[in-house]
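Chain letters run A, B, ... following the sequence lines, proteins first and then strands; every chain starts at 1. Every value quoted in this text rests on a predicted model; they were computed, and no experiment measured them.
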There are 2 protein chains.
Amino acid sequence: MEAEISETAFELRPLYRQVREAMVSRLIDGRWQPGQMLPSEQQLAVEMGVSQGTVRKALDSLAADNLVMRRQGRGTFVAEPEEGRLLFKFFKLTADDGRRRLPDSTVTALVKTKASAAARAKLGLPPRGLVWDLRRTRFLDGQPVIAEEIVLPAGRFPALDRVETVPNNVYALYSARFGLTVAHAVERLKAVAATAADAEQLGCPAGTPLLLIDRIAYGLDEAPIEWRVSRCLTDAFHYGVDLK
Amino acid sequence: MEAEISETAFELRPLYRQVREAMVSRLIDGRWQPGQMLPSEQQLAVEMGVSQGTVRKALDSLAADNLVMRRQGRGTFVAEPEEGRLLFKFFKLTADDGRRRLPDSTVTALVKTKASAAARAKLGLPPRGLVWDLRRTRFLDGQPVIAEEIVLPAGRFPALDRVETVPNNVYALYSARFGLTVAHAVERLKAVAATAADAEQLGCPAGTPLLLIDRIAYGLDEAPIEWRVSRCLTDAFHYGVDLK
DNA sequence: AAGTGGTCTAGACCACTAA
DNA sequence: TAGTGGTCTAGACCACTTC
């Protein structure tokens with residue numbers, strides 16, 4: 001009952017790191033579900049055989065990464081992707097007047113194909129690996145502003161095409177339907193000219209400057225979950241970054 | 001000697017916040033200079049009349065914001081803008097092959113003028129406020145890749161035009177010459193078409209898509225220090241963002 | 001050996017939430 | 001009132017750096 005963590009006598013990482021990793025593994029395997037309240041610090045300390053202060057340090061680290069949410073007087077809860085505060089963690093486009101909202105989405109294609117060499121490299125897939133290729137157009141104020149392609153490793157998204165409707169917030173779908181939590185992402189931005197296809201999809205002249213966002217999203221286990229390329233009109237919007 | 005912090009009995013913010021603010025004010029007024037070693041946690045605890053744990057929490061918070069650097073066995077040091085690790089805190093452009101280096105710079109103009117309405121809004125200046133307007137071209141591999149305009153409130157940069165040479169890393173200049181530390185910045189990115197002036201400066205056709213970076217940089221006192229607009233060719237480079 | 005920051009513990013008390 | 005996380009303290013011991 002006690003030695004949940006320190007079973008082997010010699011451990012290189014500090015205790016609170018090991019405690020954190022034990023907690024992350026509970027998030028990965030679903031023993032702790034989104035929205036669920038965690039045991040109290042005291043209970044976790046007893047259960048894991050460490051002091052409350054060490055549990056606190058691990059929980060604070062999870063909270064800093066937005067994996068759990070802590071509320072004084074209430075408890076500690078597993079983060080939910082639908083939660084308002086987190087909706088914009090991975091969506092950095094903002095209207096120039098400051099209003100922030102998620103654009104509506106219209107799926108234009110969803111097919112399973114062999115992964116391209118680029119997709120295999122981005123997602124760490126073997127030769128002949130399969131992927132889902134999802135394409136959609138996203139609208140703000142009824143205007144098409146983003147042409148998006150999402151590439152997913154087919155093995156982690158079984159029967160994705162049997163989902164009735166792909167929701168606007170796909171990360172909520174990944175979580176609820178496939179048990180995959182997007183923990184962090186890396187984006188690369190460039191300015192590119194709209195191709196003829198972009199121009200048709202976005203209703204702008206060919207050659208129009210577009211903000212290209214190339215994203216790889218990673219799960220709790222640090223494995224790539226999604227490769228996404230968004231091509232955005234930025235006449236009335238900007239991509240916001242906080243450098244701290 | 002003791003009650004450096006809790007002079008008044010009632011304070012709303014937690015102690016470690018007050019300790020942090022006392023420390024930040026020492027950074028602002030120059031009692032703690034860049035590169036300088038801070039007193040040990042124990043000394044600070046005694047001096048400020050709090051426990052070592054509270055001092056540690058304040059110092060950890062400063063370290064998280066890259067305002068100080070902590071090294072086990074050595075001590076805690078005020079961050080220096082020239083330090084390698086910090087050079088890229090505010091420069092997010094990376095070569096597509098992964099190499100990171102700061103581009104060379106050539107100043108094309110440096111004049112003191114009345115601030116435009118836009119500049120007054122960005123920098124929080126009064127009507128008829130004065131600014132420095134610095135323009136430069138930045139090169140990577142000998143190729144011009146960034147056309148940059150930097151607008152500075154003249155009041156905080158006296159005799160800027162008497163600086164012999166404006167260094168490539170202007171934030172080191174702000175620190176060494178004017179005692180101004182850039183603590184954080186907010187950037188807005190868009191894709192725009194190169195104007196005729198851009199085209200001439202960067203040696204590209206007019207209409208070429210450019211990544212526009214609009215940055216406001218803030219000092220330790222949270223007042224704006226700099227407004228900067230960079231227009232970047234991103235054929236061989238990208239702007240990297242880590243979403244965590 | 002001495003001095004520094006890093007980890008871990010134990011316990012007191014406060015602030016907030018819910019019943 | 002009971003239970004939760006948040007703050008603050010005091011002290012022990014470890015890891016690293018320097019002399």
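With respect to B:D60 and A:K57, no salt bridge is recorded, no charged nitrogen being found less than 4.0 Å from a carboxylate O. Taking a cutoff of 4.0 Å between a charged side-chain nitrogen and a carboxylate oxygen, B:D141 and B:R101 qualify as a salt bridge. Note on B:E47 versus B:R26: salt bridge recorded, some NZ/NE/NH1/NH2 to OD/OE distance being below 4.0 Å. Comment: A:E187 does not engage A:K92 in a salt bridge, judged by the lack of any side-chain N to carboxylate O separation of less than 4.0 angstrom.
Enclosure of atom CZ in A:R162 is not indicated, since only 12 or fewer non-hydrogen atoms of other residues, nucleotides or ligands lie within 6.0 angstrom. More than 12 heavy atoms of other shown residues, nucleotides or ligands fall within 6.0 angstrom of atom CZ in A:R100.
Spacing between atom CZ of A:R70 and atom P of C:dC16 amounts to 16 Å, rounded to whole angstrom units.
Within the 4.0 angstrom heavy-atom criterion, base atoms lie near B:R56.
Between A:G53 and A:Q72, it is A:G53 whose nearest contact on DNA chain C lies nearer the 5' terminus. Nearest-nucleotide positions on DNA chain D place B:V55 closer to the 5' end than the other of B:R74 and B:V55.
Under the 3.5 Å distance criterion, the side-chain polar atoms of B:R215 are matched with a main-chain donor or acceptor of B:F90.
Note on ring orientation: taking the six-membered ring where Trp is involved, the planes of B:H184 and B:Y218 are parallel (angle under 30°, cut-offs 30° and 60°).
Looking at residues 33-44 of chain B, you'll see that no heavy atom sits under 4.0 Å from any atom of DNA chain D.
Contact footprint of chain A on DNA chain D: nucleotides with an atom under 4.0 Å from a non-hydrogen protein atom, first to last in 5' to 3' order, D:dG3 to D:dT7.
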